[in-house]
2 protein chains.
Amino acid sequence: MAHRAEGRRMSDVTLKDVAVRAGVHVATASRALDPQRRHLVNSETRQRVETAAGELGYRINVLARSLRKGSTGMIGAVVADLGNPFLPPMLRGLEEVLGPRGYMTAVSETHEDPETFRRVCEQLIARRVDGIVVSAAHVGDSDFISTLEKSLPVVLAVRRVSGGGHHTVTHDDVLGARLVTEYLAGLGHRRLAQLRGPEDVSSFAGRARGFQEVVAEHDCTEIVAHDRAGAPTTDEGKRLAAALLTADVGRPTAIFAHNDLMAIGALEALGEAGLRCPEDVSIVGYNDAPLTAHVTPPLTTVRLPSNALGRRVAAMMLGQLDQHKEPPTTVALEPELVIRASAAAPARDRAAG
Amino acid sequence: MAHRAEGRRMSDVTLKDVAVRAGVHVATASRALDPQRRHLVNSETRQRVETAAGELGYRINVLARSLRKGSTGMIGAVVADLGNPFLPPMLRGLEEVLGPRGYMTAVSETHEDPETFRRVCEQLIARRVDGIVVSAAHVGDSDFISTLEKSLPVVLAVRRVSGGGHHTVTHDDVLGARLVTEYLAGLGHRRLAQLRGPEDVSSFAGRARGFQEVVAEHDCTEIVAHDRAGAPTTDEGKRLAAALLTADVGRPTAIFAHNDLMAIGALEALGEAGLRCPEDVSIVGYNDAPLTAHVTPPLTTVRLPSNALGRRVAAMMLGQLDQHKEPPTTVALEPELVIRASAAAPARDRAAG
DNA sequence: ATGAAAGCGCTAACAT
DNA sequence: ATGTTAGCGCTTTCAT
């Protein structure tokens, strides 16, 4: 822009310049260049304007347009951590449906920090995005989300907040955990444990609940870890699993890790304890992250329909953008158990014990 | 915004509203709310303005501000695929240095599609971002990048383009490949092969070159795959490796895969051919992606200083933003060989062959 | 079919 | 220390 360059830069070419060169009024130039209104202008004039624009290297100033029109055509996507394997497919799903409708998606990270989360959201509102997709919420963020909703359309993706009342699309984490736990119980396991992720994230809370429901229904025993993961990482998984393996109430025959990283950590802990998977202890993960099929043993885990989730989120956003005043609903998409080799029937002697 | 809501929304509160409520002129309100100019206003008046702003839930309209000031405080980051493991740390590096300087980073994906690439860049320029970080370039994009540079500061990250002449920060891929290949040669391997990624991406081109340099220097033989990967995926790696293992010129004793996914694919191909790694064939990957330490055997690979790269990129961007007219330079950051278990000395009989 | 004029919300130069 | 005025680049009535 002018303030920074000595000479005029291409982006400094303005609609007025184009109009002058084409010998028309800016209003006409504006019409000629807008797909929506080009039919209002003589096709010959339009030609002239288009040529002029091309020759000058004109690029519309979306800032000015947005200011005038009151909308930016931007959707902000706020995610906790781009390292999460389900995010790329989800973001792609968003683009796939928002893009053709003329919206551009901009992704920002919070790194799971509440303050950054708020700052990023405020920032996006200040920039007048037309809507925000929040995939970084913690369960206690309900009031804050309500605040945001006073300013613009919001859709919660992946993570819900307590209380409901917001437009949200999540994975069905309770179901996912039930799938895992029922599979384990069906295999004959009775002494089960879970490696829990941070409970202020609805995904982990849901998995914990699904697990416990099934444990209760099948009269299994939950071997409880005294601790829970600070962050759901490989190291934390290893630490928690190690504690579990030496529990004074006896060790579990199967472990449900709330995500694949912790499952891999548990695998490591097993190895260091001289135990084998799945012969001595079965392990199941969650997310079906890349490469989980290639660890040893290949990890049984849960696959999430993340691309579909992104598309649903986008559809819900469009609903709000288009003024369909649908009441807030939360839809939960069904995950799928991927059976590989890290879980098997418990050894005879242990099952009997 | 007004056009979409029936009632007035919080974001529709304007500076004028604040000024009226505080009983001052908008200009005064503007000053009072700007950290840079608050000292120009009586502290008592400032109080009144701040209170009024707080009560009304005023949020500055960055669109209007940017239009007036001629800069947006936004930096666009254009990446090929968020699934790439080196991107999150790099993006974080960007934020870490750009954030404190008042810039916000917005990430967009191209999915490796040239048309999307151009569209996204144009879009960002239309939105008047202050600069673009391009991490999705193909080697032939030099002219296009030059075009962009006419409009705004550009820094190339990770991938360079042919011809040079742009501000760029990359990983030293030639060095990385040399590290791998020298390690392999040092182990005693003489019959080497590489699994090449798409050659229109500088990273892969560099790795191919480093590999071939060392092969020539150590009088090794490159067993050439007739094919190359369309996309550097596990499946492609498996396909290429399978072909290599049945090559009529005899199979290699070591394979350098241009990334970890292809290396894992090669591991699979080995397994299906009844061969063991590293006893029969050594395999080395690239990127040190998550979980590569946990596959069997743990993958020897190359670790990239991606966070540092992001920070350097940001610094280079700030240099341009701050008008230091440094000439375009390209800096290449050194990667590091991570020795695990997928590469070992070749078996005696094969080494002799 | 085109032009004139107003204004989106803000900041900067210039008064006072 | 505060108010006045102009204008960033565009779109949108309203005239013609």
Side-chain angles (χ1 to χ4, degrees), chain A residues 1-4 8-20 22-49 52-53 56 58-73 125-128 130 151, chain B residues 1-4 8-20 22-49 52-53 56 58-73 125-128 130 151:
Chain A
M1 320 227 154
H3 78 288
R4 114 163 86 67
R8 164 166 278 220
R9 299 205 159 196
M10 280 177 70
S11 312
D12 290 335
V13 176
T14 169
L15 187 57
K16 194 169 154 200
D17 300 325
V18 175
V20 168
V24 297
H25 191 268
V26 286
T28 307
S30 174
R31 294 182 190 110
L33 261 20
D34 180 352
Q36 316 288 321
R37 296 175 298 152
R38 48 190 298 156
H39 66 274
L40 295 174
V41 52
N42 185 305
S43 70
E44 188 201 308
T45 322
R46 199 177 67 210
Q47 274 303 349
R48 284 216 313 286
V49 174
L56 293 174
Y58 170 71
R59 266 117 155 196
I60 190 173
N61 186 330
V62 178
L63 247 38
R65 199 237 302 255
S66 300
L67 180 59
R68 177 65 233 241
K69 309 229 308 192
S71 75
T72 54
I125 292 180
R127 292 185 185 277
R128 295 305 191 266
D130 291 337
S151 297
Chain B
M1 320 225 151
H3 77 289
R4 117 163 82 68
R8 164 168 277 219
R9 299 203 160 196
M10 281 176 71
S11 310
D12 291 335
V13 176
T14 168
L15 188 58
K16 194 170 153 199
D17 300 326
V18 175
V20 168
V24 298
H25 191 270
V26 287
T28 307
S30 174
R31 293 182 191 109
L33 261 20
D34 180 353
Q36 316 289 321
R37 296 175 298 152
R38 48 189 298 157
H39 65 273
L40 295 174
V41 51
N42 184 305
S43 70
E44 188 200 309
T45 324
R46 200 176 66 209
Q47 273 303 348
R48 284 214 315 286
V49 174
L56 293 174
Y58 171 71
R59 265 115 155 197
I60 190 173
N61 187 329
V62 178
L63 247 36
R65 198 238 303 255
S66 301
L67 180 59
R68 178 64 234 242
K69 310 231 306 192
S71 75
T72 54
I125 293 180
R127 291 184 186 280
R128 295 304 191 268
D130 291 337
S151 296

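What you see is a predicted model; the values in this text were computed from it and never measured. Letters go in sequence order (proteins before strands), and every chain restarts at 1.
For the 3.5 Å distance criterion, the side chains of A:S30 and A:R37 qualify, holding a donor opposite an acceptor. Donor-acceptor pairing under 3.5 Å is lacking for the side chains of B:R128 and B:S66.
Taking the side chain as every heavy atom from C-beta outward, B:V41 and B:V24 never approach each other to under 4.5 Å.
When each of D:dT11, C:dG3, D:dC10 is scored by its nearest atom to the side-chain atoms of A:T28, the top-ranked nucleotide is C:dG3.
Put simply, A:T45 has a side-chain N or O that comes within less than 4.0 Å of OP1 or OP2 on C:dT2. Taking side-chain N and O atoms only, B:T14 has no distance below 4.0 Å to OP1 or OP2 of C:dC8. Not one side-chain nitrogen or oxygen of A:S30 sits closer than 4.0 Å to the OP1 or OP2 atom of D:dC10.
A:H25 has its NE2 atom 13 Å from the C1' atom of D:dT16, to the nearest Å. Distance, A:R68 CZ to D:dT13 P: 7 Å, rounded to whole Å. Atom C1' of nucleotide C:dC10 and atom CZ of B:R59 are separated by 18 Å, given to the nearest angstrom. Between the CZ atom of A:R37 and the C1' atom of D:dT13 there is a distance of 12 Å, given to the nearest Å. Between the CG atom of B:L15 and the P atom of D:dT4 there is a distance of 15 Å, given to the nearest Å. With rounding to whole Å, B:D12 atom CG is found 15 Å from C:dC10 atom C1'. Atom CG in B:L56 sits roughly 15 Å away from atom C1' in C:dG9 (whole-Å rounding). Rounded to whole Å, the distance from CG on B:L40 to P on C:dT11 is 13 Å.
Heavy-atom nearest nucleotides on DNA chain D were determined for B:V41 and for B:L67, and the one closer to the 5' end corresponds to B:V41.
The minimum heavy-atom distance linking A:A32 with A:R38 is given by the pair O-CB, 3.8 Å. Heavy atoms only, all atoms of each residue included: A:V13 and A:Y58 are closest at O-CD1, 3.4 Å.
Counting non-hydrogen atoms under 4.0 angstrom, A:V62 reaches nothing in the nucleic acid. If you check every strand for non-hydrogen atoms under 4.0 Å, B:I60 touches sugar and phosphate atoms only.
Taking 3.5 Å as the limit, the base of C:dG3 and the side chain of A:R31 contain a donor-acceptor pair of atoms between them.
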